[in-house]
There are 2 protein chains.
Amino acid sequence: MPATLHDVAALANVSIKTVSNVVHDYKHVRPDTRERVLAAIKELGYRPNITARGLRSGRTGVIGLALPELSLSYFAELADSVIRAAEKRSLVVLIEQTGGGDREREIEMLSSPRLQLTDGLIFSPLGMGMADRELLDVPYPLVLLGERIFGGPTDHVTMRNVDAARAATRHLLERGRRRIAVIGGHEGEDMGSATLRLRGYREALAEAGVPFDERLILPAREWHRHDGARAMRDLLAAGTPFDAVFGLNDTLALGALRALQEAGVRIPGDVAVIGFDGLDETQYSLPTLTTVDPGRDEIAATAVRVLAERIEGRRGAPGNDGAGPREYLADFRLIERESTAS
Amino acid sequence: MPATLHDVAALANVSIKTVSNVVHDYKHVRPDTRERVLAAIKELGYRPNITARGLRSGRTGVIGLALPELSLSYFAELADSVIRAAEKRSLVVLIEQTGGGDREREIEMLSSPRLQLTDGLIFSPLGMGMADRELLDVPYPLVLLGERIFGGPTDHVTMRNVDAARAATRHLLERGRRRIAVIGGHEGEDMGSATLRLRGYREALAEAGVPFDERLILPAREWHRHDGARAMRDLLAAGTPFDAVFGLNDTLALGALRALQEAGVRIPGDVAVIGFDGLDETQYSLPTLTTVDPGRDEIAATAVRVLAERIEGRRGAPGNDGAGPREYLADFRLIERESTAS
DNA sequence: TGCGGGTAGTGCAACGTTGTAAGTTCTGTG
DNA sequence: CACAGAACTTACAACGTTGCACTACCCGCA
């Protein structure tokens, strides 16, 4: 049975409020009283009951992080960054998985009782789209990540997807590649990583006067390794000529790497490959993978900071008091490695 | 401002206790009363306040999961499994990272106030050792994972490390390999994955009458990809002959794969490689990696079940009422892939 | 008519904390 | 040495919920 304020107060011969005051570093406590209370706290091993505190204050010190799946490396690394960032603000992170792009589950999540003891949510949807925008108008602080919804009612932290994809494509074009396949297209998508990155790709092609070839766009609804490998095998089987591959994320690119090598294609000799996400493991593939680092730590730190600010009310709810929803853009960085060496 | 029992009670013209009774499906409520209450609940969008409930009942429905780092794939996949298993029991998971084997942080974690609103903890240490055993004697339900501590005061879920490593080594021996290098040794370790797996390795060698060669044991304190690659390069540089590599985990093996191929070594022609952990990505490396699947889902499900049982008190605290600490062993499975094909 | 036994519903206290307002004890000054 | 004002301390209520003990009622049976 853990000690309570009552126990400490009894032992130190003061009121429970005084103990509370000591715990909270309230100014007006005589040094000897403070001494006595601290001794009692130590003796009893008292630690404040966060649940009770939460009930009183309406805060729990817990933030939620809802993402598709931790087994997708990108989200595992994102969660790592978010937990670290939260720790710096003494917040603790509760993780919910919504599955790989399951729109229904994402929507359910937003009103899940499982989030009850959370002060706010960092939400990275993959299934919801622009049409679901107003569903983000929830009665608690919410920070949106990702590229599925723009202009929604909440703060949004994302990156310069179009610019980054343009830079990645340019990188290939500058190395003389002209037939650049793209893996990970989402047909019929109105908004999302695929759409934005494909836009950057087309812009770069246009800039360079290279014609766009529909056949080089390989759809892959999910972005796991085997989707990349499968898409690559399809392209090889189709016989469409190409001299470079742009994986819309690293996992796709790594899967493609594998399929290309199986087929005896030399990288980067015959085909150059570039990915997107800056995953740790892109440093250890063979060859090492050129990729775009989307500034994951920056995204995580910003998301946590903005959420914490909303929670503390230093800025009211978006659209409530003029502190409207804001969009934050993280900087990206192209990391050149062997897979696109000249 | 969310609705409370009071609001619902007022609207339905009953006492708050009756509302509470309806919410909890208490038998003695007349159908029409129940009807009225449910209507009021719906109208006000009432949802119980979990914090308050937690204060009353001493339960929060949250379990903690403390692990080294999510950016280590094994732990990301473990966390995924734990979250899924917890979800089935309507538990929610709060994740803490202790860093890659930081003993101090692990010990701190055990008494961290950050765990306060957690009903129990699943703990996977990497830095603590047998000597720290009694530190696990904490005043809340704790389930231990991993191979650092055996015979401690808590329930423990782990796998047959020695057997699995023996099987892995045998697998290589059966394919005619005699000079099997091992990556990931931990010198001076009294207990841990490295020690147990190395024991299985030596047992398999002894069984087969193959002499043990100290020079083939390559230490690697951390088990990241680059540690595997570094160790492999060291061995190649030393010129010690070898025809197989046993990575004590998959990440080490994948790093080794990379270093071997850089050096022009053919796999499995010149050197066969086997890993340990059954990571998803071992299916997509080139060549695909033979590995030992330690039954991660089973481990996670067991850990959550045992923890939930302790929390619900269906079995008292270990050593308290005869329901002493138990050890659970998950089954392993050797997955044969290209890296060890004959 | 009274009484046992079940059903339906209620009131109070408590979980451990903190904000408010008010009380008590000091200190220094006139 | 009185007294204002600051320094220190306290009692009480509340946060939203649930367990306990209780009342009120109804039915059937002796």
Side-chain angles (χ1 to χ4, degrees), chain A residues 1-38 40-41 44-62 113 115-119 139-140 311-313, chain B residues 1-38 40-41 44-62 113 115-119 139-140 311-313:
Chain A
M1 206 48 47
T4 73
L5 282 183
H6 270 98
D7 305 327
V8 177
L11 185 59
N13 247 314
V14 291
S15 72
I16 64 168
K17 194 61 227 275
T18 297
V19 181
S20 170
N21 286 339
V22 169
V23 171
H24 287 91
D25 269 331
Y26 179 65
K27 275 180 297 240
H28 302 309
V29 179
R30 245 182 313 161
D32 60 316
T33 312
R34 183 182 301 273
E35 210 56 28
R36 209 148 29 96
V37 170
L38 287 173
I41 286 178
L44 297 174
Y46 167 77
R47 4 204 55 203
N49 178 320
I50 305 215
T51 311
R53 185 178 283 177
L55 177 58
R56 248 327 302 220
S57 66
R59 295 275 183 72
T60 60
V62 181
L115 291 176
Q116 282 267 324
L117 34 68
T118 257
D119 292 337
Y140 51 83
I311 290 170
E312 286 162 23
Chain B
M1 206 49 47
T4 73
L5 282 182
H6 269 99
D7 305 327
V8 177
L11 184 59
N13 246 313
V14 291
S15 72
I16 64 169
K17 194 63 230 272
T18 299
V19 180
S20 170
N21 285 340
V22 169
V23 171
H24 287 91
D25 269 331
Y26 178 67
K27 275 181 297 244
H28 303 308
V29 178
R30 245 182 311 160
D32 59 316
T33 312
R34 184 183 301 275
E35 211 56 29
R36 210 152 23 98
V37 171
L38 287 174
I41 286 177
L44 297 175
Y46 167 77
R47 4 203 57 203
N49 177 319
I50 305 215
T51 310
R53 184 178 285 177
L55 178 59
R56 252 319 309 215
S57 65
R59 293 277 182 71
T60 59
V62 181
L115 291 176
Q116 282 269 322
L117 34 67
T118 255
D119 292 337
Y140 50 84
I311 290 171
E312 286 161 23

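What you see is a predicted model, and the numbers here were worked out from it, not measured in a lab. Below, chains carry the letters A, B, ... as their sequence lines are ordered, and counting in each starts from 1.
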Using 0.5 Å steps for rounding, measure from the [atom1] atom of [X] to the [atom2] atom of [Y].
{"X": "B:Thr33", "Y": "B:Leu38", "atom1": "OG1", "atom2": "CG", "answer": "10.5 Å"}
{"X": "B:Thr51", "Y": "A:Ile50", "atom1": "OG1", "atom2": "CD1", "answer": "11.5 Å"}
{"X": "B:Thr18", "Y": "B:Asn13", "atom1": "OG1", "atom2": "CG", "answer": "11.0 Å"}
{"X": "A:Tyr140", "Y": "A:Gln116", "atom1": "OH", "atom2": "CD", "answer": "10.5 Å"}
{"X": "A:His6", "Y": "A:Ile16", "atom1": "NE2", "atom2": "CD1", "answer": "4.5 Å"}

### Message
Quick check on DNA chain C: between A:Arg47 and B:Val29, whose nearest nucleotide comes earlier from the 5' end?
### Response
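It is B:Val29, whose closest nucleotide lies nearer the 5' terminus.
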
Separation of [X] atom [atom1] from [N] atom [atom2], in whole Å?
{"X": "B:Leu117", "N": "C:dT17", "atom1": "CG", "atom2": "P", "value": "13 Å"}
{"X": "A:Arg59", "N": "C:dT18", "atom1": "CZ", "atom2": "P", "value": "13 Å"}
{"X": "A:His28", "N": "C:dA21", "atom1": "NE2", "atom2": "C1'", "value": "15 Å"}
{"X": "A:Leu5", "N": "C:dG19", "atom1": "CG", "atom2": "P", "value": "12 Å"}

### Message
Near DNA chain C, counting only heavy atoms under 4.0 Å, which residues of residues 10-26 of chain A show up?
### Response
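Contacting residues: A:Ile16, A:Lys17, A:Ser20, A:His24.
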
Less than 4.5 Å apart, any side-chain heavy atom of [X] and any of [Y]?
{"X": "B:Leu5", "Y": "B:Ser20", "value": "yes"}
{"X": "A:Val23", "Y": "A:Ile41", "value": "yes"}
{"X": "B:Asn49", "Y": "B:Thr4", "value": "no"}

### Message
Taking any heavy-atom pair under 4.0 Å as a contact, classify B:Thr33: base, sugar-phosphate, or nothing.
### Response
sugar-phosphate

### Query
Where does the chain A footprint on DNA chain D start and end, counting 5' to 3' with a 4.0 Å heavy-atom cut-off?
D:dA7 to D:dG16

### Task
Return yes if the base of C:dT18 and the side-chain atoms of A:Arg56 contain a donor-acceptor N/O pair under 3.5 Å, otherwise no.
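Side chain to base: pair found, below 3.5 Å.
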
